[in-house]
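Note that the structure is predicted; figures quoted are calculated from it, not measured. The analysis underlying the following values was restricted to heavy atoms, covering all of them including side chains, and did not include hydrogens, waters or symmetry mates.
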Amino acid sequence: MDRVAALKHGKAHHMEMKNMHALHLFLRLHTFAQVLLLFFSFTAAESRCILFNFGDSNSDTGGFSAGLGFYLGPPSGRLFFHRTTGRFSDGRLYIDFLCEGLKINYMSPYLESSAPNFTHGVNFAVTGGATDPTVTFPLSTQVLQFLHFKNRTRELWPQGSLIDENGFKEAVYSFDIGQNDISKAFTANLSYTQVIERIPSILSRIKDALKTIYENGGTKLWVYNTGPLGCLPQTLALRKQNDSKIDENGCLADYNDAAKVFNAGLLSLCDELNSEFKNATIVYTDMFAIKFDLIANHSQYGFERPLMACCGRGGPPYNYVNRMTCGQPTASPCPLGSRYVSWDGVHHTEAANQLIAEKILSSKYSRPKIMLTSLCKDSN
């Protein structure tokens, strides 16, 4: 082979090698792109759950602050968010941990006007929420807000609205309400018997709300009962009397007994509607058992003084003084909220909320024993 031919052959070989290298690079990039596509497709598929929540401060992610301009200052939000978010906790609420488990965004309040994210649903829960129609944001109003949201979203579908008709149909609708109704009855100085007599009307209003959601396409209803009200540091500090009945864990028996009566009625209501609503799934979740377990078996979870607020004033046994509550200059927080069940005397610490969410997601406390994650995946 002469010199010119050799040069041509060498150049051709170099070009071939260069083309082969480019081809291999393209194939690797193409494969990587396919992996990315599969990853994002999987992530999107895992994140298609839509949740609509109705309730009170236990699951309020900022609706009260947005709706009434209420400023919930530090030390609330000192964990995780590292800023105030309108959540009555030192960090995340149980519903935030549920969102993490469902692989969806944290829920934006319906009343939030500044860049809300409604991709995976809406949170209608507002602090002070109850079935009682005289409160600022009763359950009936929250349901009407949902209907308005749904109708408005339908109008925006041609413009690429985030939630379509199937999204509303397959969404999970959760209800965590009733605590304030019972507490309000006791603070009105009604007798135990008079409080119990109010429970049927509370249940009737919850039934109306569930029926309205069902009649408007909701077939997956997740209903929480109410927690042990007699174990709240606020209740104990303000309502405990010398002649009060105290259970073995130091909680007010009448409050807890009233909650149990309400919960039994709510379970019967869910059973009734499960039979009445065709093609619907109604899951009743025992929040009382979940929260009471944290009190009764607190040492197993690393908690100390389960009936004492982390953030408050007055020290043991409850660290709660009226008008000197968490967020006011007269109150101060404990160094480690992870050792406390109660954050401010009414609401839970992030540590307790995480455990509550884990128990909810386990389905151990639900009837029927359907996992919330499965109920969401069924909509994919």
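With Tyr365 as the aromatic partner, Lys359 does not meet the cation-pi criteria of under 6.0 angstrom to the ring centre and within 45 degrees of the ring axis. Annotation: cation-pi geometry satisfied between Arg92 and Phe80 (NZ/CZ under 6.0 angstrom from ring centroid, within 45° of ring axis).
Using modelled atom types and a 3.5 Å distance limit, the side chains of Gln179 and Asn58 yield a donor-acceptor pair. Side chains of Arg87 and Ser89: no donor on one and acceptor on the other come within 3.5 Å. Side-chain contact of Ser59 with Asn53: a donor-acceptor pair under 3.5 Å is present, judged by distance alone. Under 3.5 Å, the side chains of Glu100 and Tyr106 contain a donor-acceptor pair of N or O atoms. A donor-acceptor contact closer than 3.5 angstrom links the side chains of Asn123 and Thr61. No side-chain N or O of His348 forms a donor-acceptor pair with one of Ser342 less than 3.5 Å apart. Of the N and O atoms on the side chains of His347 and Asp344, at least one donor lies less than 3.5 Å from an acceptor on the other residue. Side-chain contact of Tyr284 with Asn263: a donor-acceptor pair under 3.5 Å is absent, judged by distance alone.
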Distance-only donor-acceptor hits, side chain of residues 322-337, under 3.5 Å, sequence neighbours excluded:
none

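Taking a 6.0 Å sphere around CZ of Arg339, one finds it holds 12 or fewer heavy atoms contributed by other residues, nucleotides or ligands. By the neighbour-count criterion of 12 heavy atoms within 6.0 Å, atom CZ of Arg78 is densely surrounded, having more than that number from other residues, nucleotides or ligands.
Considering CG of Asn166 and CD1 of Ile50, their distance stands at 8.0 Å, rounded to 0.5 Å.
For Tyr110 and Phe146, the ring centers are positioned 6.0 Å apart or more.
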